[in-house]
Amino acid sequence: MSPEEQLSLLTRGTAQILSEKELLKKLTRGEPLRAKLGVDPTSPDLHLGHSVVLEKLRQFQELGHQAVLIIGDFTAQIGDPTGRAKTRPPLTREEILENAKTYQEQAFCILDKEKTEIVFNGEWFNSMSFSEVIQLNAQVTMQQMLQREDFKNRIANDQEVRLHEIQYPIVQGYDSVKVRADVELGGTDQLFNILVGRDLQKSAGMEPQVVMCLPILEGLDGVQKMSKSLNNYVGITESPGEMFGKIMSISDDLMARYSILLLGEEIDAAEHPVEAKKKLAGKIVERYHSAEAAQQAISNWNNRGNLESVELPKFTPPTDRNDLLGIVQAAFASLEEPKSGSDVRRLIQQGSIQIDGEKVSDPKAEPTLESGQVLKLNKKRSVRIA
RNA sequence: GGGUAGGUUCCGGAGCGGUCAAACGGGGCAGACUGUAAAUCUGCUGGCUAUGCCUUCGAAGGUUCGAAUCCUUCCCUGCCCA
């Protein structure tokens with residue numbers, strides 16, 4: 001493929017590139033580019049938000065370039081302050097390694113494992129001497145670091161900024177020097193960090209990397225960025241039904257955005273929004289599961305009024321409790337979503353619980369449950385009595 | 001190091017001896033309405049098999065019949081000065 005064609009493919013869906021000219025120049029050499037993506041294993045599970053940038057990296061692979069995935073075992077210990085109003089709590093070494101493992105497994109749902117170079121940045125940072133650290137720090141100025149929006153905001157709001165946090169961009173930037181990156185990918189919030197990488201590469205006498213920023217995917221709430229801690233995410237390992245249901249709950253505006261960012265397609269404006277959303281949800285399920293799973297999810301969805309035929313998790317009522325409160329609490333626990341008794345009591349009293357479509361709102365009621373009945377817990381969760 | 005302002009429930013932020021499980025706002029959850037969307041309205045939002053009990057207001061002690069509120073010591077943060 002010609003450099004120009006590659007350029008047009010690679011720039012598609014990106015938010016910002018610095019600069020296209022440099023990228024074209026690098027492509028024109030005809031040698032595989034080293035495309036860097038640094039990830040910090042701060043959370044074990046990947047979600048659709050991560051997938052945007054991973055998909056782009058895969059595109060590089062498909063064009064014959066070298067994907068370099070940096071697992072930030074070292075940087076995770078610092079904690080990326082990007083977008084944060086507070087200092088991150090540090091993770092233990094064990095947590096980081098554990099997360100790194102599942103992170104890789106999940107990343108290879110998207111990336112081609114055979115064509116991915118994986119490096120841990122602890123490899124070079126753990127053995128760095130203090131004088132090397134000082135030398136590295138000497139290459140940037142305080143003023144540069146304080147240009148960062150989040151630091152500036154925190155300072156303006158009289159909140160603390162700890163010194164290790166200003167090290168983060170420097171450390172991330174040094175990764176680019178170590179892996180000799182030609183291009184670094186990241187979300188738009190990574191712009192600053194990636195630019196630091198360019199500076200450090202220049203100081204090291206290298207040709208600076210091209211910055212490629214991808215849009216940040218909003219979470220299910222449509223406002224904040226998708227993240228596990230905000231609980232507004234769709235995990236890439238979630239079950240087809242779960243995934244489908246979550247995507248169906250997003251707003252129409254968000255649906256348009258997801259379609260472009262995740263599938264690279266526009267929503268058909270002529271179609272009824274619900275139908276369009278089902279298609280979107282189906283395609284996403286298909287990507288992480290299979291076409292059959294997607295079909296099943298759609299048909300489950302369409303049948304949801306029909307209690308007889310929907311596929312639901314099975315639930316065996318507890319033997320030690322026969323009051324509604326105890327039963328419902330056990331049901332939540334069986335879905336691995338334990339709730340406190342008070343929470344469950346509230347749900348019951350507020351009319352969230354239904355048995356075969358009938359609302360039950362007395363926590364002390366002792367319903368007789370029969371096999372096959374559907375116990376609705378809340379909007380998203382129902383179980384079938386085993 | 002000196003001065004000064006603070007640390008309250010998920011977040012912001014009131015409360016400054018009893019009426020405090022703690023106002024108000026945000027977020028979240030549930031109900032109504034709908035397209036299991038958005039918007040809107042209503043309710044809930046520490047725990048407990050619960051008209052009561054238990055644990056929370058940076059930590060530990062103390063004063064008091066009674067403390068988030070007063071005292072002592074300690075820990076932590078911001079700002080100004082050096």
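Lettering of chains follows the sequences in order, A, B, ..., and the numbering in each one begins at 1. From a predicted model like this one, the values you see are computed outputs, not experimental measurements.
- Evaluation of the side-chain hydrogen bond (donor to acceptor under 3.5 Å, both in side chains) test over residues 217-226 of chain A, restricted to residues two or more places apart or in two chains, returns A/Asp189-A/Lys225, A/Glu218-A/Arg257, A/Asp221-A/Asn232.
- The pair A/Arg148-A/Glu165 does not count as a salt bridge, with every side-chain nitrogen at least 4.0 angstrom from each carboxylate oxygen.
- Using a 4.0 Å cutoff on non-hydrogen atoms, no part of residues 283-296 of chain A comes near RNA chain B.
- If you take CG of A/Asn153 and C1' of B/G78, they are 16 Å apart, rounded to a whole angstrom.
- With hydrogens and angles left out, the side-chain atoms of A/Thr116 and A/Gln61 include a donor and acceptor closer than 3.5 Å.
- Atoms CG and CG, from A/Leu261 and A/Leu48 in turn, are 11.0 Å apart once rounded to the nearest 0.5 Å.
- Pair check for B/U36 finds none; no Watson-Crick or G-U wobble contact set falls under 3.5 Å.
- Rounding to the nearest 0.5 angstrom, the gap separating the CG atom in A/Asp150 from the CD atom in A/Gln159 is 11.5 Å.
- The separation of B/U51 from B/G17, taken at their C1' atoms, amounts to 28 Å, rounded to a whole angstrom.
- Among pairs with a residue in residues 263-277 of chain A, those fulfilling side-chain hydrogen bond (donor to acceptor under 3.5 Å, both in side chains) read A/Glu265-A/Lys283, A/Glu271-A/Lys279, A/Glu275-A/Lys278, at least two apart in sequence or across chains.
- B/A68 and B/G7 have their P atoms separated by 16 Å, given to the nearest Å.
- Taking atom P in both B/C16 and B/C24, one finds a spacing of 16 Å when rounded to whole Å.
- Checked against B/A32, B/G35, B/A30, the side chain of A/Lys359 finds its nearest nucleotide in B/A32.
- Annotation: side chain to side chain donor-acceptor pair (under 3.5 Å) contacts of A/Arg381 (sequence neighbours excluded): A/Glu337.
- Checking A/Gly351 against A/Pro273, the closest nucleotide of RNA chain B that is more toward the 5' end is the one next to A/Gly351.
- Comparing B/U56 with B/U45, their C1' atoms are spaced 16 Å from each other, to the whole Å.
- Taking atom CD of A/Gln354 as the reference point, atom C1' of B/U36 lies 12 Å away to the nearest angstrom.
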Give every pair of a protein N or O atom and an N or O atom of nucleotides 53-59 of chain B that lie under 3.5 Å apart, one pair per line with the distance.
none

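- Between the P atom of B/A38 and the CG atom of A/Asp253 lies a distance of 11 Å, rounded to the nearest Å.
- The base-pairing partner of B/C29, taking Watson-Crick or G-U wobble contacts with both distances under 3.5 Å, is B/G43.
- What separates CG of A/Asp252 from P of B/U34 is a distance of 17 Å, to the nearest Å.
- Residue A/Arg381 contributes atom CZ, which lies 11 Å from atom P of B/A30 at whole-angstrom precision.
- Side-chain atoms of A/Ser129 and A/Ser131 form a donor-acceptor pair, as typed in the model, at a separation below 3.5 Å.
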Every protein N/O within reach of nucleotides 23-29 of chain B N/O, cut-off under 3.5 Å:
none

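- Counting only residues at least two apart or in different chains, salt bridge (charged side-chain N to carboxylate O under 4.0 Å, His left out) contacts with residues 59-79 of chain A comprise A/Arg58-A/Glu62, A/Asp73-A/Arg93.
- Base-pair partner of B/G12: B/C24 (Watson-Crick or G-U wobble, both distances under 3.5 Å).
- The gap from the C1' atom of B/C41 to that of B/G47 amounts to 31 Å, rounded to the nearest Å.
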Could you write out each protein N or O paired with an N or O of nucleotides 1-6 of chain B at a distance under 3.5 Å?
none

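- B/U51 adopts a syn glycosidic conformation, its chi angle falling within 90° of 0.
- With a cut-off of 3.5 Å on both pairing distances, the Watson-Crick or G-U wobble partner of B/G61 is B/C71.
- The number of heavy-atom neighbours closer than 6.0 Å to CG of A/Leu163, taken from other residues, nucleotides and ligands shown, is 12 or below.
- With both ends at atom P, the span from B/G26 to B/G18 equals 28 Å, rounded to whole Å.
- Within the structure, the salt bridge (charged side-chain N to carboxylate O under 4.0 Å, His left out) test picks out the following pairs touching residues 316-335 of chain A (sequence neighbours left out): A/Arg321-A/Asp323.
- Relative to the side chain of A/Arg162, the nucleotides B/G31, B/G35, B/U77 differ in distance, and B/U77 lies closest.
- Protein atom NZ of A/Lys278 is 13 Å distant from nucleotide atom C1' of B/A37, rounded to whole Å.
- A/His65 and A/Gln6 share a donor-acceptor pair across their side chains, judged by distance under 3.5 Å alone.
- With hydrogens and angles disregarded, no donor-acceptor distance shorter than 3.5 Å links the side chain of A/Lys376 to the backbone of A/Gly357.
- To the nearest angstrom, P of B/A37 lies 12 Å from CD1 of A/Ile250.
- Atom NZ of A/Lys101 has 12 or fewer heavy atoms from other residues, nucleotides or ligands within 6.0 Å.
- Rounded to the nearest 0.5 angstrom, A/Asp182 CG and A/Gln66 CD are separated by 11.0 Å.
- As rounded to whole Å, 8 Å separates atom P of B/A30 from atom CZ of A/Phe332.
- Here CG of A/Leu200 is found 5.5 Å from CD of A/Gln139. Values are rounded to the nearest 0.5 Å.
- Across the P atoms, B/G1 and B/C74 are found 13 Å apart, a figure rounded to whole Å.
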Quiz prompt | Protein-to-nucleotide contact annotation, 5' to 3' order, nucleotides 45-51 of chain B [B base; S sugar-phosphate only; - none; under 4.0 Å, heavy atom] | solution = S-SBBB-
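- No side-chain donor-acceptor contact under 3.5 Å links A/Gln106 to the backbone of A/Gly235.
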Table of protein N/O atoms under 3.5 Å from nucleotides 80-82 of chain B N/O atoms:
none

Please tabulate, for the side chains in residues 240-248 of chain A, all donor-acceptor contacts under 3.5 angstrom to protein atoms that are two or more places apart in sequence or on a different chain.
from     : atom 1 : to       : atom 2 : distance (Å)
A/Lys246 : NZ     : A/Tyr233 : O      : 3.0
A/Lys246 : NZ     : A/Glu238 : OE1    : 3.1
A/Lys246 : NZ     : A/Glu238 : OE2    : 3.1

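- A donor-acceptor contact closer than 3.5 angstrom links the side chains of A/Glu184 and A/Gln172.
- With both ends at atom C1', the span from B/U49 to B/G31 equals 25 Å, rounded to whole Å.
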